[in-house]
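Start at 1 and go down the list; that is how both ligands and their atoms are numbered. Just so you know, these numbers use all the heavy atoms, side chains as well, and skip hydrogens, waters and symmetry mates.
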Amino acid sequence: MATDEDIQKAAQIIRFGGLVVFPTETVYGLGANALDAAAVHKIYALKGRPATSPLIVHVAGIAKARELAADWPEEADQLAREYWPGPLTLVVPKKPVIPDEVTAGLPTVGLRVPRHPIALALLCAAQVPIAAPSANRFTQLSPTTAQHVREAFGEETPFLLDGGPCEVGLESTVIAVTKEGLEVLRPGMAFVEEATKAVEPFEPAHRSPGQHRKHYSPRTRVLLVNHGHVPQQGRGAYLWIEHEATAARTVRMPAQPEAYAAQLYRRLHELDREGLDWIAVEFPPDAQGWAAIRDRLTRAAY
Ligand code: TXA
Ligand code: MG
């Protein structure tokens, strides 16, 4: 676990233009000073991420978020007060102080106050907003433990703050706050009732660049199955909720979406190391609470 001293060192690295890996309640982030274009460029280089994908900017509180927003609509303020600190990103018009490198040239910026105590302590110590995507290589699975990050980056792993396993386990809900209303750009485990009407879970708005179809993928082929119809060929794993089936490896997953989300990526990371021919996943119900999980599984299987 990261100590106070580690957090101070990480804050120093951020202020001097370097990269740091830090835990959030959703997934681990790969952070840099959001006001320093050269530092942000290092994130894209290490991830192998195209510069067309905007980054989320993490801040210590609502007041800091407002300092970076050119416009802060009443709806944004209400959502921020209700969900922050927490797994919700708000996309609002940006101030010029945010470099184009952060937002992939968009006039808007995604802002979030994370609730992991180490993330908050780092933001307070660094005294600058921190731009951070998930700490994985482009299109790979997001990391929910420090070990996942080390496996992804090996010797290239930047200074890392270990905060244990992530509590939520899936990336934040991303909501655009526009004059026309609220639009969900990426479903997550924070459910914003007022915005659900706008969601098209499997065709996220083209206005959210960076939401590539193939994303969040293990190396092993992922298949979505119903009623226990797993492949009959090869050695595979089966993640099931309700319908049991025979496979080399079977994992019973929780029937509650929060508990399911909290362990999904860890299970996929584990199974991905086993050299299996496939990972079959029972497709969860199209019901309240499962939208984000269905979205990530659909992308993993693409
Ligand atoms: O939970 C999370 O959100 C994690 C942790 C580290 O905070 N971060 C994360 O970042 O998942 P990333 O880079 O993997 O995903 C960011 C996504 C982009 O792909 C894009 O879809 C959306 O957020 N996004 C960010 N800024 C945006 C903007 N200005 N306009 C539209 N979409 C934006
Ligand atoms: Mg990511």
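Less than 4.0 angstrom separates some heavy atom of Thr26 from each of these atoms of ligand 1: 1 (O), 2 (C), 4 (C), 5 (C). Per-residue contacts place Thr108 under 4.0 angstrom from the following atoms of ligand 1 (heavy atoms of the residue considered): 28 (C), 29 (N), 30 (N). Atoms of ligand 1 found under 4.0 Å from any heavy atom of Leu106, numbered from 1 in the order shown, are 28 (C), 29 (N), 30 (N). For ligand 1, the atoms closer than 4.0 angstrom to any heavy atom of Leu185 are 31 (C), 32 (N). Each of the following atoms of ligand 1 lies closer than 4.0 Å to a heavy atom of Glu171: 1 (O), 11 (O).
For ligand 1, the polar-atom distance check finds an N/O of Arg49 within less than 3.5 Å of one of the ligand's N/O atoms. Residue Thr24 has no nitrogen or oxygen atom sitting less than 3.5 Å from a nitrogen or oxygen atom of ligand 1, judged on distance alone. The shortest N or O to N or O distance between His58 and ligand 1 is below 3.5 Å. At a 3.5 angstrom cut-off on N or O pairs, Arg186 counts as close to ligand 1.
Without hydrogens or angle criteria, His269 side chain to His148 main chain gives no donor-acceptor distance under 3.5 Å.
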Determine, stepwise, if the pair Asp295 / Thr298 fulfils side-chain hydrogen bond (donor to acceptor under 3.5 Å, both in side chains). CA-CA 5 Å; Asp295 172 76; Thr298 303; over 6 Å; no
side-chain hydrogen bond (donor to acceptor under 3.5 Å, both in side chains) for Arg112 and Thr24? Distances and angles first, verdict last. CA-CA 11 Å; Arg112 173 164 116 78; Thr24 82; 3.0 Å; yes
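Here the side chains of Leu120 and Val113 are in contact, with some heavy-atom distance below 4.5 Å.
Residue contacts with ligand 1 include Ser134, since one of its heavy atoms falls under 4.0 Å from the ligand. Proximity of Thr103 to ligand 1 is not established, as no heavy-atom distance is less than 4.0 Å.
For atom 6 (C) of ligand 1, the choice among Ala190, Ala131, Gly29 with the nearest heavy atom turns out to be Gly29. Of all the listed residues (Pro143, Ala132, Ser172), Ala132 holds the heavy atom that lies closest to atom 8 (N) of ligand 1.
A donor-acceptor pair shorter than 3.5 Å cannot be found between the side chains of His41 and Glu101. Side-chain atoms of Arg296 and Ser142 form no donor-acceptor pair, as typed in the model, at a separation below 3.5 Å. Looking only at atom types and distance, the side chain of Ser172 has a donor-acceptor partner in the side chain of Thr89 under 3.5 Å away.
Going from atom CG of Asn136 over to atom CZ of Phe153 covers 6.0 Å, rounded to the nearest 0.5 Å.
In summary, of the residues considered (Thr145, Asp162, Ile118, Leu160), a side-chain contact (heavy atoms from CB on, under 4.5 Å) with Pro23 occurs for Ile118 alone.
Around atom CD of Glu74, more than 12 heavy atoms belonging to other residues, nucleotides or ligands sit under 6.0 Å away.
Note on Ser134: counted as a metal contact of the Mg ion (ligand 2), an N/O/S atom lying under 2.8 Å.
Neither the backbone nor the side chain of Lys94 has any atom closer than 4.0 Å to an atom of ligand 1 (non-hydrogen atoms only).
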